[in-house]
S.K.: 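Below is a structure I'd like to ask you about.
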Amino acid sequence: MPPSPEVLTAEAAAGAGGAAGARGRVVAVALVIGGIVSLQFGASVAVMLFPRAGALGVVTLRLAVASLVLMLVCRPKLRGYTRGDWGTVVAFGVALVVMNSLFYQAIDRIPLGAAVTLEFLGPLILSVATSRRLLSLVWAALALGGVALLGREGFDGIDLVGAAYALAAGGLWAAYILLSARTGQRFPQADGLALAMTVAAVLSLPLGIFSAGAALLNPVTLGLGAAVALMSSVLPYTLELLALRKLPASGFAVMMSLEPAAGATAGFLVLHQALGWAEVLAIGLVVVASVGAVRSAGSSPQG
């Protein structure tokens with residue numbers, strides 16, 4: 001017997017829903033990749049700005065400019081939110097300022113590729129801890145192999161203080177992923193990000209003023225700081241927040257394995273840090289791990 005009209009309608013709706021879900025995942029992947037590339041090239045520009053304003057001064061410029069841009073664009077409303085909503089925003093802001101301060105202290109002491117590689121351990125641990133699928137552990141292991149290979153040459157004679165800063169930044173990066181997802185659920189569009197960035201900017205001001213002083217008002221420094229803010233905060237954080245609405249935290253965290261590859265590439269193109277065969281092979285490994293993690297995000301649990 002031919003299927004009834006009700007069955008045909010249900011099958012068509014299911015197919016459309018599956019296609020929409022697949023398109024949503026593809027868009028989310030594109031958002032994450034765009035954010036990664038922008039963030040790492042922004043970090044390269046920040047390194048060149050350190051002699052003018054210092055690491056903490058650059059953090060302050062980045063967060064302050066990003067806060068102003070996001071508040072003007074988003075114009076978030078301040079009423080109608082619960083104490084829990086505001087607590088999430090404040091925690092997100094604290095994570096932003098501490099994560100960025102630690103990471104900039106790291107890249108002021110060690111190469112960008114090595115710093116990002118060490119920092120990535122935070123999201124990698126998060127991906128393993130939050131995943132409920134056996135296959136996700138395979139992708140995480142593959143990503144870890146790529147990260148280890150990428151840092152093989154960069155860790156020779158590394159500054160231990162810089163390495164410690166990078167590892168600590170990785171822990172805050174894992175917290176950032178979770179808090180960004182919660183903020184995206186509690187606030188529309190990028191409103192929560194704008195408010196959290198404002199919290200981070202206010203907290204960073206004393207450190208930046210104490211560290212750089214009047215150098216923060218230099219026109220060239222302000223211009224470069226604005227570029228860093230747009231490339232390293234406004235664009236990547238907005239794209240990632242939107243992506244986290246369609247990707248699970250575990251899949252997103254493994255996709256962050258692209259960060260070391262992007263950092264090494266930005267270091268090569270902007271800071272003239274050469275890429276060897278090990279780095280090229282590592283880039284291939286982390287790309288495969290990231291694609292596999294996203295493809296398996298919508299599959300049924302296997303363990």
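Positions are given from 1 along the sequence.
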S.K.: Do you know which of Leu217, Asn218, Leu224 makes side chain to side chain contact (heavy atoms under 4.5 Å, CB included) with Thr221?
M.R.: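 When Leu217, Asn218, Leu224 are each tested with Thr221, the side chain to side chain contact (heavy atoms under 4.5 Å, CB included) holds only for Asn218.
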S.K.: Which pairs pass salt bridge (charged side-chain N to carboxylate O under 4.0 Å, His left out) with one or both residues in residues 173-190, sequence neighbours excluded?
M.R.: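 Residue pairs passing salt bridge (charged side-chain N to carboxylate O under 4.0 Å, His left out), neighbours aside: Asp85-Arg186.
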S.K.: How many angstroms lie between atom OH of Tyr176 and atom CE of Met99, to the nearest 0.5 angstrom?
M.R.: 6.0 Å
S.K.: Verify, without hydrogens or angle tests, whether Thr60 (side chain) and Leu56 (backbone) share a donor-acceptor contact under 3.5 angstrom.
M.R.: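 Between the backbone of Leu56 and the side chain of Thr60 there is a qualifying donor-acceptor contact (under 3.5 Å).
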S.K.: Check the pair Leu203, Val94 against side chain to side chain contact (heavy atoms under 4.5 Å, CB included), reporting the backbone distance first and the verdict last.
M.R.: CA-CA 8 Å; Leu203 292 176; Val94 172; 3.9 Å; yes
S.K.: First locate atom CD of Gln189, then atom SG of Cys74, and finally report the distance between them rounded to the nearest 0.5 Å.
M.R.: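 Taking CD in Gln189 and SG in Cys74, the distance rounds to 8.0 Å.
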S.K.: For Phe103, check ring pair (Phe, Tyr, Trp, His ring centres under 6.0 Å) against everything at least two apart and list the hits.
M.R.: none
S.K.: With sequence neighbours left out, write down each residue that passes ring pair (Phe, Tyr, Trp, His ring centres under 6.0 Å) with Tyr165, or none if nothing qualifies.
M.R.: none
S.K.: For a quick test of reading the model, state the closest non-hydrogen atom pair linking Val89 to Gly192 and the distance between them.
M.R.: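 It is CG2-O, 4.2 Å.
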S.K.: Mind checking the CD1-CG spacing from Ile209 to Leu205? Nearest 0.5 Å is all I need.
M.R.: 5.0 Å
S.K.: Find the distance between CH2 (Trp86) and CZ (Phe92) and round it off to the nearest 0.5 Å.
M.R.: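 Reported value, rounded in 0.5 Å steps: 14.0 Å.
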S.K.: Ignoring hydrogens and angles, write down the donor-acceptor pairs under 3.5 Å from the side chains of residues 61-69, residues two or more places apart or on other chains.
M.R.:
{"from": "Arg62", "atom 1": "NE", "to": "Ser233", "atom 2": "OG", "distance (Å)": "2.6"}
{"from": "Arg62", "atom 1": "NH1", "to": "Asn100", "atom 2": "OD1", "distance (Å)": "2.8"}
{"from": "Arg62", "atom 1": "NH1", "to": "Tyr104", "atom 2": "OH", "distance (Å)": "2.8"}
{"from": "Arg62", "atom 1": "NH2", "to": "Asn100", "atom 2": "OD1", "distance (Å)": "2.9"}
{"from": "Arg62", "atom 1": "NH2", "to": "Ser232", "atom 2": "O", "distance (Å)": "2.6"}
{"from": "Arg62", "atom 1": "NH2", "to": "Tyr237", "atom 2": "OH", "distance (Å)": "3.0"}
{"from": "Ser67", "atom 1": "OG", "to": "Thr198", "atom 2": "OG1", "distance (Å)": "2.9"}

S.K.: Among residues at least two apart in sequence or on other chains, which ones pass side chain to side chain contact (heavy atoms under 4.5 Å, CB included) with Thr238?
M.R.: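 Side chain to side chain contact (heavy atoms under 4.5 Å, CB included) check on Thr238 returns Leu70, Ala190, Leu193, Leu242.
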S.K.: With a 4.5 Å cut-off on side-chain heavy-atom distances among I, L, V, M, F, W and Y, is there a chain of contacts connecting Leu172 to Val202?
M.R.: no
S.K.: Within the side chain of Thr183, is there an N or O that forms a donor-acceptor pair under 3.5 Å with the backbone of Leu179?
M.R.: yes
S.K.: Kindly give the heavy-atom pair with the smallest separation between Ala115 and Ile107, and that separation in Å.
M.R.: CB-CG2, 3.6 Å
S.K.: Under 4.5 Å between side-chain heavy atoms, hopping through other hydrophobics if needed: is there a path connecting Leu72 to Leu230?
M.R.: no
S.K.: Testing Val90, Thr88, Leu78 one by one against Leu195 for a side chain to side chain contact (heavy atoms under 4.5 Å, CB included), which residue passes?
M.R.: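 With Leu195 as partner, Val90, Thr88, Leu78 yield a single side chain to side chain contact (heavy atoms under 4.5 Å, CB included), made by Leu78.
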S.K.: Do Trp173 and Leu167 sit in the same hydrophobic cluster, where Ile, Leu, Val, Met, Phe, Trp and Tyr count as joined when their side-chain heavy atoms come under 4.5 Å apart?
M.R.: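 Result: yes, single cluster for both.
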S.K.: May I ask you to decide if Gln105's main-chain N or O and Arg109's side chain share a donor-acceptor pair within less than 3.5 Å?
M.R.: yes
S.K.: Are Val59 and Val161 connected in a single hydrophobic cluster, I mean Ile/Leu/Val/Met/Phe/Trp/Tyr linked by side-chain heavy atoms less than 4.5 Å apart?
M.R.: yes
S.K.: Membership question, hydrophobic clusters at under 4.5 Å side-chain separation (ILVMFWY): are Met71 and Val73 in the same one?
M.R.: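 Same cluster.
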S.K.: How far apart are the closest heavy atoms of Gly263 and Leu112, and which atoms are they?
M.R.: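 Result for this residue pair: O-CD2, 3.6 Å.
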S.K.: Identify each donor-acceptor pair in which a side-chain atom of residues 29-54 lies under 3.5 Å from a protein atom, sequence neighbours left out, and give them as a table.
M.R.:
{"from": "Ser38", "atom 1": "OG", "to": "Met231", "atom 2": "O", "distance (Å)": "2.5"}
{"from": "Gln40", "atom 1": "NE2", "to": "Glu259", "atom 2": "OE1", "distance (Å)": "2.4"}
{"from": "Ser44", "atom 1": "OG", "to": "Gln40", "atom 2": "O", "distance (Å)": "3.3"}

